[in-house]
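Structure first, commentary second.
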Amino acid sequence: MAATVFCVSVTSCSMEEPFAAGGEGTLTLNTEIRGNVVRTRAIAADELTALRNKCVVYIENEKGLIRKYKGLDNIPVGGIKLRTGSYVAEAWSGDSVSASFSSKFYRGYQKFDMQEGANSLTLKCNIANVIVSVDPASLGVNLTDLKVTYWHSRGELVFDKDNIADAKGYFMMPNADKNLNYKIEGKKSSGEAYEKTGVIENVQRAHEYVLTISEEDAPVTEGGALIRITIADIPVIEEEVEIFTAPAIQGVGYDIEGQVVSKDRNFKDTQVYIRGYFGLGSVLMNVSDNFTDLASGLNLTEGSTQTELSAKGIKVERRQSTDAASTLEGGEVLVDELYVTFTKAFLDALPESDTEYKITFEATDGRHNVSQGSLRIANSETAEEHLAPVGISDAERSPLAIRAKKAILDANIYDAAAATNYGIKYREQGASEWMAVYPASGARAKATRATVIPYHVSLTGLKPGTTYEYIAFCDGFDGADVRTFTTESEFTIPGGSFEEWSTYSASTMLGTKNVTLPWSVGDKEASFWGSGNEGSATANMTLTDKSTDMLHSGTYSARLESKSAMGMLAAGNLFIGTYVRTDMTDGVLSLGRQYNGTHPDKLVIWANYRPASGASVKKGNEEFVPDGFAGGNDHGQVYVALTDEPVEIRTKASDRKVFDSENDEHVLAYGQVTWTGNFGADGQLERVEIPFVYNDRAKTKKPLYLIMVASASKYGDYFSGAAGSVMYLDDIELIYE
């Protein structure tokens, strides 16, 4: 089994003033994978490439997401500047699949503190699956047609004659599930069918559960053999892959991608920092033609070169150490560092040049990884690089910025004097004509050329699932930096027209009952929709069923009716998710189904509601209903939410958990409608729009689950309401504007 290690490493610098003051540090993340599996099998090159490309790295602080990188090759080689303080690094890679024989998922999580200067961090991504297999020795048992099935609420895996000898299964555990179920099927030598079911309790990720079927002699009075089932819990044997940076080349206290400028011969010491793992084989320094006293091709790792450069005012200091945090066999990796200081005296003495001075470094580490970086020096007006008046922003984009039919794009003004009538031009990828869009506000900020002024434009009327190109522009200037974005695809709610219904069997306190399900296949785990029908089946009641009484389209709508049984109110309800189980007379629900992560503007439903009067409140639950509710009309409610995890609901008073839309940490958007009286004309469904209100969490997190709950008795979680309240629903859809 596999536990891949992604090492995010920065070595510590102790030179004087290694980075700019002001509470800022630099974090250098990895861009190259090197190393071998040290314990079991070698991971194939294509598998490593897939892990690199799928890996998403997040850096967060107490304010939320600060940086996000998808694909390790997109992490800046030159380092990420972060303010000092406390952060969390998190990484995800692989495929998160409920049950699979091939898809594995890896996760890493590490808290760290940023100090001024360089920092060191190792982030390990370990396998997050629960692994299952069948001991091949089980094939020797006197059972034919052997089949072993493992499952939880979201999926199952079947081991049979074709794969039982060597297959391994990978489960991602739903929040509501702590256990794995298994079933063994086969035929004894007598022809009698054999079946055995069981539960593996409290399974843990990164553990493999190996089921072994064996035989032992039975007592003489029984004859034959007894079949024994054992399950071994084996912590995963790690496969460790080291991911190290290619050599890093950074400016100390400045951005090496920009120029070092002084037009009045008042430079300061300027330092370049170069680091490589497994040693630096060479660091070649090449210079532009306007240098008259420096030669190209010098190797900075050689002592003679260092002595020669020191005499010219260029100091080279080399430091070597070991990184004991590495998990490679042997436990240590050589870290080789060069600090190249161009002194103030050297820089001030350079003759004035109409073009910039350029010093290029080419560093090769002990594993033949090569990086390049350049120090650029301007000491005249003509040599100084002038920025474009406007340009596209590189700031982290909020998940809310790009929607299905609209987008917010960010850009910057670099020269306020030159940037008149600025904005963004965009076009559908492949089109020839640009469309110009200006910021909503015409106000202009006063600024010097060196001040960066952010601005943004809003695009509307876009096509879902479409890639667009865009550039920054102003009068007399069109940016050459062409960026792209892809709009979100719309999501169609499965079964939202309620045309297909079925039943499934459920065990209740009064035996097995058939339960009505709003789905074509009688499988509550597969259904996008669920209801409380399983809980009410104990009393032989169906709360939610198909109806032809009122329709918007098609043949059926959904009819929800609150009823009373055993002195308790049971609310007619319908929800996206699964009815998990019944706890005596209480229910446990899992709200939410995975969907495509998009950001709709509203939910539209067609509804009719008729509340019953004389609402009752279960004793002890008075605090949960509004004053005046008892004895009055029942209330009906429909609410919708986007979350990053499914939400569990429990109605048992001693273990109650209800949905708190305002405070639930997993809610990113919410909307609801409540009816305290009749809604819709008699016998007719009426259109209802429920807008999504996105909260601050939606600015940094993408929604992964869709939740919708409809109840003929809003306070049904507290067994309060009125029997006879009825709600009809039809044609539920998400609207993107």
**Prompt:** Is P703 close to H599 at the side-chain level, that is, under 4.5 Å between some pair of heavy atoms?
**Reply:** yes
**Request:** Find out whether M173 and R205 are in side-chain contact, i.e. whether some heavy atom of one side chain is under 4.5 Å from a heavy atom of the other.
**Result:** no
**Item:** Exercise: identify the closest heavy-atom pair between K699 and P399
**Value:** O-CD, 2.8 Å
**Asked** Do N61 side-chain atoms and G85 backbone N/O form a donor-acceptor pair below 3.5 Å?
**Response** no
**Item:** Non-neighbouring partners of Y182 that pass ring-ring contact (aromatic ring centres under 6.0 Å, His included), sequence neighbours left out
**Value:** none
**Message:** So I229 and L211, do their side chains get closer than 4.5 Å, heavy atoms only?
**Reply:** yes
**Message:** For F575 and T544: C-alpha separation, side-chain torsions, deciding distance, then whether side chain to side chain contact (heavy atoms under 4.5 Å, CB included) applies.
**Reply:** CA-CA 11 Å; F575 57 88; T544 300; over 6 Å; no
**Prompt:** Once you round to the nearest 0.5 Å, how far does CG of L734 lie from CG of L603?
**Reply:** 5.5 Å
**Complete:** The ring-ring contact (aromatic ring centres under 6.0 Å, His included) partners of F159 (sequence neighbours excluded) come to F101, Y150
**Asked** From R687 CZ over to D731 CG, what is the distance, rounded to the nearest 0.5 angstrom?
**Response** 11.0 Å
**Prompt:** For R593, what residues pass the side-chain hydrogen bond (donor to acceptor under 3.5 Å, both in side chains) criterion, not counting sequence neighbours?
**Reply:** T578
**Message:** Run the side-chain contact (heavy atoms from CB on, under 4.5 Å) test against R581 and tell me which residues pass, sequence neighbours left out.
**Reply:** V588
**Message:** Please determine whether side-chain hydrogen bond (donor to acceptor under 3.5 Å, both in side chains) holds for the pair N621 and S720, giving the CA-CA distance in whole Å, both sets of side-chain angles, and the decisive distance to 0.1 Å.
**Reply:** CA-CA 8 Å; N621 289 338; S720 300; 4.8 Å; no
**Item:** salt bridge (Lys or Arg N to Asp or Glu O under 4.0 Å): pairs with one or both residues in residues 509-526, sequence neighbours excluded
**Value:** K524-E534
**Request:** Would you check, one step at a time, whether the test salt bridge (Lys or Arg N to Asp or Glu O under 4.0 Å) holds for K183 with E156?
**Result:** CA-CA 11 Å; K183 179 167 67 173; E156 69 172 27; over 6 Å; no
**Asked** Excluding sequence neighbours, so at least two apart, what forms side-chain hydrogen bond (donor to acceptor under 3.5 Å, both in side chains) with S531?
**Response** N533
**Item:** H207 NE2 to N129 CG distance, which is reported to the nearest 0.5 Å
**Value:** 13.0 Å
**Prompt:** Of all residues at least two apart in sequence or in a different chain, which pass the ring-ring contact (aromatic ring centres under 6.0 Å, His included) check with W606?
**Reply:** H552
**Heavy atoms of other groups near K147 NZ, more than 12 under 6.0 Å** = no
**Item:** Residue that, paired with E490, satisfies salt bridge (Lys or Arg N to Asp or Glu O under 4.0 Å) out of R403, K405, K463
**Value:** K405
**Under the side-chain hydrogen bond (donor to acceptor under 3.5 Å, both in side chains) test, residues paired with D549 that sit two or more places apart** = S547, Y728
**Request:** Kindly compute the distance separating CG (L685) from CG (D730), expressed to the nearest 0.5 Å.
**Result:** 6.0 Å
**Asked** Taking the inter-plane angle between the rings of F679 and W675 on a 0 to 90° scale, is it parallel (under 30°), tilted (30 to 60°) or perpendicular (over 60°)?
**Response** parallel
**Item:** Test log, rule side chain to side chain contact (heavy atoms under 4.5 Å, CB included), inputs V688 and V638
**Value:** CA-CA 10 Å; V688 182; V638 178; over 6 Å; no
**Asked** Under 3.5 Å, is there a donor-acceptor pair between the side chain of W501 and the main chain of A558?
**Response** no
**Item:** Side chains of I408 and S398 in contact at under 4.5 Å (non-hydrogen atoms)
**Value:** no
**Prompt:** Under 3.5 Å, is there a donor-acceptor pair between the side chain of S711 and the main chain of N573?
**Reply:** no
**Request:** Would you please say whether a donor-acceptor pair under 3.5 Å links the side chains of Y87 and E60?
**Result:** no
**Worked check of side chain to side chain contact (heavy atoms under 4.5 Å, CB included) between L569 and K618** = CA-CA 8 Å; L569 180 86; K618 185 180 179 183; over 6 Å; no
**Message:** With a 6.0 Å cut-off (strictly less than), is the heavy-atom count around OH of Y556, excluding the residue itself, greater than 12?
**Reply:** no
**salt bridge (Lys or Arg N to Asp or Glu O under 4.0 Å) contacts in which one or both residues fall within residues 565-578, not counting sequence neighbours** = none
**Fill in**
side-chain hydrogen bond (donor to acceptor under 3.5 Å, both in side chains) with Y705: of H666, Q594, E645, only one passes, and it is Q594
**Prompt:** Does N695 have any side-chain hydrogen bond (donor to acceptor under 3.5 Å, both in side chains) partners at least two apart in sequence or in another chain, and if so, which?
**Reply:** none
**Prompt:** Cut-off 3.5 Å, side chains only: do N514 and T503 have a donor facing an acceptor?
**Reply:** no
**Request:** Enumerate the residue pairs fulfilling salt bridge (Lys or Arg N to Asp or Glu O under 4.0 Å) with a member in residues 673-684, sequence neighbours excluded, ordered by first and then second residue.
**Result:** R610-D682
**Fill in**
The reported gap from CD1 in I690 to CE in M708 (rounded to nearest 0.5 angstrom) is 7.5 Å
**Prompt:** Considering only heavy atoms from C-beta outward, does the side chain of K406 approach that of D601 to under 4.5 Å?
**Reply:** yes
**CG-CG distance between D696 and L668, expressed to the nearest 0.5 angstrom** = 11.0 Å
Side chains of residues 623-634: which donor-acceptor pairs under 3.5 Å do they make with residues two or more places apart or in other chains?
{"unit_1": "D634", "atom_1": "OD2", "unit_2": "S713", "atom_2": "OG", "d": "2.5"}
{"unit_1": "D634", "atom_1": "OD2", "unit_2": "A722", "atom_2": "N", "d": "3.0"}
{"unit_1": "D634", "atom_1": "OD2", "unit_2": "S725", "atom_2": "OG", "d": "2.9"}

**Request:** Decide yes or no for H635 and Y715: does some side-chain heavy atom of the first lie under 4.5 Å from some side-chain heavy atom of the second?
**Result:** yes
**Side chain proximity check, Y170 to I127, heavy atoms < 4.5 angstrom** = yes
